[in-house]
Amino acid sequence: MEQSKVNQVCKMLVQLARPKNILQLPGTSSDSLNALYDLLPEDGQIVVCVSSFGQHSPCKDSAWEKKIHWEVGVTEEILKKLVARGQQYDMVFIDATEKNPINYYNLIMSSNMLRMNGVICVQNLSANETRSQEHINDEMGFTAKKMTDVINAEARLEQVDLPVDWGVIIAKRIPVSHVTETTKGILADNVFRGLKGRSVLDRLRLDGKVAYVTGGGQGIGRAFAHALGEAGAKIAVIDMVLEKAEAVAHELHIKGIKSVAMAADISKEEDVKRVVDTILVNWGRIDIACNNAGINMNSASEETALEEWDKTFNVNLRGLFLCCQAAGRVMLSQGYGKIINTASMASLIVPHPQKQLAYNTSKAGVVKLTQTLGTEWIDRGVRVNCISPGIVDTPLIHTDALKPLVECWLSQIPAGRLAEVTDLQAAVVYLASEASDYMTGHNLVIDGGQSLW
Ligand SMILES: NC(=O)c1ccc[n+]([C@@H]2O[C@H](COP(=O)([O-])OP(=O)(O)OC[C@H]3O[C@@H](n4cnc5c(N)ncnc54)[C@H](O)[C@@H]3O)[C@@H](O)[C@H]2O)c1
């Protein structure tokens, strides 16, 4: 019963801190291991140190074994081995009533085993004054008290004592605790402390930003909507087909992302104006315009009908321009904004064997439009960039004309596979974030190397 309360605290801590690598020193029950295991990402790992397998029999389940790595032996020797391997952890659990906890703690801190912003959770301490009084005179109570004092005096940690059961101390590693003559200089340095005090990963966050994604109802646009939403932005999912936009907005909603679905044909000026006005009425601004909707039609150039040419250009270039202009006007008046257009590798090379003159030409136009707007608007705070994917496995390539070509394309791609929409997600977040503020007019090619062969 008592242990379960501490386990609950540990579990909540893992949920909040979302560590990938955890180190557990002896004293951890297999109950808490099970709880932590479920919370780790697929590629996460818990290293569990035990003196023997006496009380801790490793589970035979293979998924479990992949995440739980057992180290059996003398704790100090195990730690030295992990240090030699250069292992680092996001979270370390120490049981203060075990032997030599202070030695373990010192080794962990002095060898940088705890990552910056990593968390140490020390259990069974005398943080709980009432309980500790009962044991203060026995060896266990004495060690626990000493450990508490060491951690509370540690300048490299920010700590809090929780009087749960026997007491838990939660301590987070911080870069520099107090200003000295030596640290004064580096504390003011943007590279050391992070621009505006934010680490590079924090600078990729989009919290509070307002974004829209056209063609957000499926394929690349859907993945962009999820990525921008996961990074913290509110998302207007815009698609010609309302049901598709609604389905994606619902997915975002159940992930806790603020979202709205809107139907619009971006090749129509009145539709573009309507969605931009609606976003402004609802959310007051537009920070990120992801102009992604596009179509692909195939025909030999000598047979390409003017209708195909016009249809392709109306969506891929004219429609994209309408979106850039409408969102750009808002962003220019705000003095800040990020426009990310979806171009294509077809802007650089002539993908073959498919025949798609109108598509290739329209996408080359997207790149030139991006370069022009990118240079025209940057001094007023608006950055315009584009992403050029290679061949991405989406419904767009599942047409009768394109589907049979997959084998042929695979031989043209150094990466040996088609792109997945998830391959593009980090790029859109980067271009949408303040981390890319000096980048404009750029065509970011993500094609597994295809355009280089
Ligand atoms: N799939 C690829 O291999 C690939 C490669 C390079 C570039 N691209 C580009 O990426 C973008 C997205 O492609 P995808 O593969 O996700 O396509 P997709 O066909 O899977 O999805 C496109 C979405 O856009 C919507 N849409 C189409 N026309 C629209 C319009 N006029 N107004 C509003 N919404 C409209 C569709 O309803 C659909 O939901 C396109 O610009 C495409 O040219 C795709």
Side-chain angles (χ1 to χ4, degrees), residues 212-227 236-249 251 261-272 274-276 289-298 310-324 326 340-351 354 356 358-367 369-370 386-399 401-403 405-406 409-410 412-413 417-425 427-428 443-448 450-451:
Y212 75 70
V213 182
T214 69
Q218 69 179 35
I220 296 170
R222 172 174 170 260
F224 281 174
H226 273 267
V237 184
I238 301 171
D239 204 285
M240 195 137 83
V241 186
L242 182 61
E243 294 73 35
K244 287 192 202 167
E246 281 175 339
V248 174
E251 291 171 4
M262 293 181 191
D265 176 348
I266 55 113
S267 65
K268 293 186 177 148
E269 195 176 1
E270 62 277 18
D271 279 21
V272 173
R274 177 177 45 79
V275 288
V276 166
C290 191
N291 301 314
N292 163 80
I295 55 172
N296 177 294
M297 295 164 88
N298 303 95
D310 287 344
K311 216 171 158 183
T312 306
F313 269 73
N314 277 346
V315 178
N316 291 8
L317 194 51
R318 187 172 179 276
L320 183 129
F321 163 64
L322 289 172
C323 293
C324 283
I340 305 135
N341 298 321
T342 304
S344 167
M345 172 187 71
S347 65
L348 296 172
I349 63 165
V350 178
Q354 67 273 32
Q356 46 182 33
Y359 182 83
N360 297 347
T361 317
S362 71
K363 292 297 185 180
V366 171
V367 174
L369 177 144
T370 301
C386 61
I387 294 176
S388 274
I391 302 170
V392 192
D393 194 0
T394 71
L396 185 103
I397 65 158
H398 288 234
T399 59
L402 297 182
K403 224 170 152 186
L405 305 180
V406 171
W409 289 333
L410 288 178
Q412 302 167 0
I413 304 173
R417 65 169 175 88
L418 301 185
E420 298 294 334
V421 292
T422 45
D423 290 317
L424 311 173
Q425 287 182 301
V428 79
N443 181 17
L444 185 49
V445 181
I446 305 173
D447 64 355
Q450 185 171 358
S451 60

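Atoms within each ligand, like the ligands themselves, are counted from 1 in listed order.
- Here CG of Asp393 is found 10.5 Å from CD1 of Ile220. Values are rounded to the nearest 0.5 Å.
- Between the side chain of Ser347 and the backbone N or O of Ala364, no donor-acceptor pair lies under 3.5 Å.
- Looking at atom 5 (C) of ligand 1, its nearest protein heavy atom turns out to be Gly390 O, 2.9 Å.
- Under 4.0 angstrom from ligand 1, there are no non-hydrogen atoms of Arg222.
- In terms of protein heavy-atom proximity, atom 3 (O) of ligand 1 is nearest to Val392 N, 2.7 Å.
- Within the structure, ligand 1 lacks Ala245 among the residues with a heavy atom less than 4.0 angstrom away.
- In this structure, the side chain of Lys363 engages the main chain of Thr342 through a donor-acceptor pair within 3.5 Å.
- Less than 4.0 angstrom separates some heavy atom of Ile397 from each of these atoms of ligand 1: 3 (O).
- Remark: side-chain polar atoms of Thr214 are paired, donor with acceptor, to backbone N or O of Ala293 under 3.5 angstrom.
- Considering backbone and side-chain N/O of Ser344, none are found under 3.5 Å from N/O of ligand 1.
- Applying the side chain to side chain donor-acceptor pair (under 3.5 Å) rule to Arg417 yields the partners Asp423; only residues at least two apart in sequence or on another chain are considered.
- With a 4.0 Å cut-off on non-hydrogen atoms, Val315 touches ligand 1 through its side chain and not its backbone.
- Nearest to atom 15 (O) of ligand 1 by heavy atom, out of Thr312, Thr394, Asp239, is Thr394.
- Scanning all protein heavy atoms for the shortest distance to atom 8 (N) of ligand 1 gives Tyr359 OH, 3.4 Å.
- Nearest to atom 31 (N) of ligand 1 by heavy-atom distance, out of Asp265, Ile295, Val241, Leu418, is Asp265.
- Listed by atom number, the atoms of ligand 1 under 4.0 Å from Gly215 heavy atoms are 23 (C), 24 (O), 25 (C).
- Taking every heavy atom of Pro395 and a limit of under 4.0 angstrom, the matching atoms of ligand 1 come to 20 (O).
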Next on the checklist: If you apply the rule side chain to side chain contact (heavy atoms under 4.5 Å, CB included), what do you find for Ile387 with Ile446, and how did you get there?
Outcome noted: CA-CA 7 Å; Ile387 294 176; Ile446 305 173; 4.1 Å; yes
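- The closest protein non-hydrogen atom to atom 20 (O) of ligand 1 is Gln218 NE2, 2.8 Å.
- Judged by distance alone, with hydrogens and angles left aside, the side-chain atoms of Asn316 form a donor-acceptor pair with the main-chain N or O of Ile295 at under 3.5 Å.
- Nearest protein heavy-atom contact of atom 10 (O) of ligand 1 is Thr342 CG2, 3.2 Å.
- Scanning the protein heavy atoms around atom 16 (O) of ligand 1, the nearest turns out to be Ile220 N, 2.8 Å.
- Distances shorter than 4.0 angstrom occur between a heavy atom of Pro389 and an atom of ligand 1.
- Between the Arg318 side chain and the Asp310 main chain, no donor and acceptor come within less than 3.5 Å of each other.
- Using a distance-only test at 3.5 Å, with no hydrogens or angles considered, no donor-acceptor pair links the side chain of Asn314 to the main chain of Ser267.
- For Ile266, heavy-atom contacts with ligand 1 shorter than 4.0 Å involve the backbone as well as the side chain.
- When non-hydrogen atoms are compared, ligand 1 lies under 4.0 Å from neither the backbone nor the side chain of Ile238.
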Next on the checklist: What verdict does the side chain to side chain contact (heavy atoms under 4.5 Å, CB included) test give for Tyr359 and Asn298, after you've listed the backbone C-alpha separation in whole Å, the side-chain angles of each residue and the deciding distance to 0.1 Å?
Outcome noted: CA-CA 8 Å; Tyr359 182 83; Asn298 303 95; over 6 Å; no
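- Close approach to Ala264 involves these atoms of ligand 1, each under 4.0 Å from a residue heavy atom: 32 (N), 33 (C).
- Applying the 4.0 Å criterion to heavy atoms of Lys244 picks out, from ligand 1, the atoms 37 (O), 38 (C), 39 (O).
- Nearest protein heavy-atom neighbour of atom 12 (C) of ligand 1: Asn292 OD1, 3.5 Å.
- Using a 3.5 Å distance cut-off with no hydrogens or angles, the side chains of His226 and Gln425 do not pair a donor with an acceptor.
- Contact check for Ile397 versus Leu418: side-chain heavy atoms found under the 4.5 Å cut-off.
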Item to check | Intermediate values then yes/no, side-chain hydrogen bond (donor to acceptor under 3.5 Å, both in side chains), Gln450 and Trp409 | outcome: CA-CA 9 Å; Gln450 185 171 358; Trp409 289 333; over 6 Å; no
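- Taking every non-hydrogen atom of Ile391 and a distance limit under 4.0 Å, the qualifying atoms of ligand 1 come out as 3 (O).
- At a heavy-atom cutoff of 4.0 Å, ligand 1 is contacted by the backbone of Ala343 but not by its side chain.
- The nearest non-hydrogen atom to atom 22 (C) of ligand 1, considering only Gly219, Gly221, Gly294, Ser347, comes from Gly294.
- Asp239 places a side-chain N or O within 3.5 Å of a backbone atom of Val241 that can act as its donor or acceptor partner.
- Residue Asn291 comes nearest to Cys324 through the heavy atom pair ND2-SG, 3.5 Å, listed as atom of the first residue, atom of the second, then distance.
- With Met345, His398, Met240 as candidates, the residue nearest to atom 34 (N) of ligand 1 on a non-hydrogen basis is Met240.
- Per-residue contacts place Ala293 under 4.0 angstrom from the following atoms of ligand 1 (heavy atoms of the residue considered): 34 (N), 35 (C), 41 (O).
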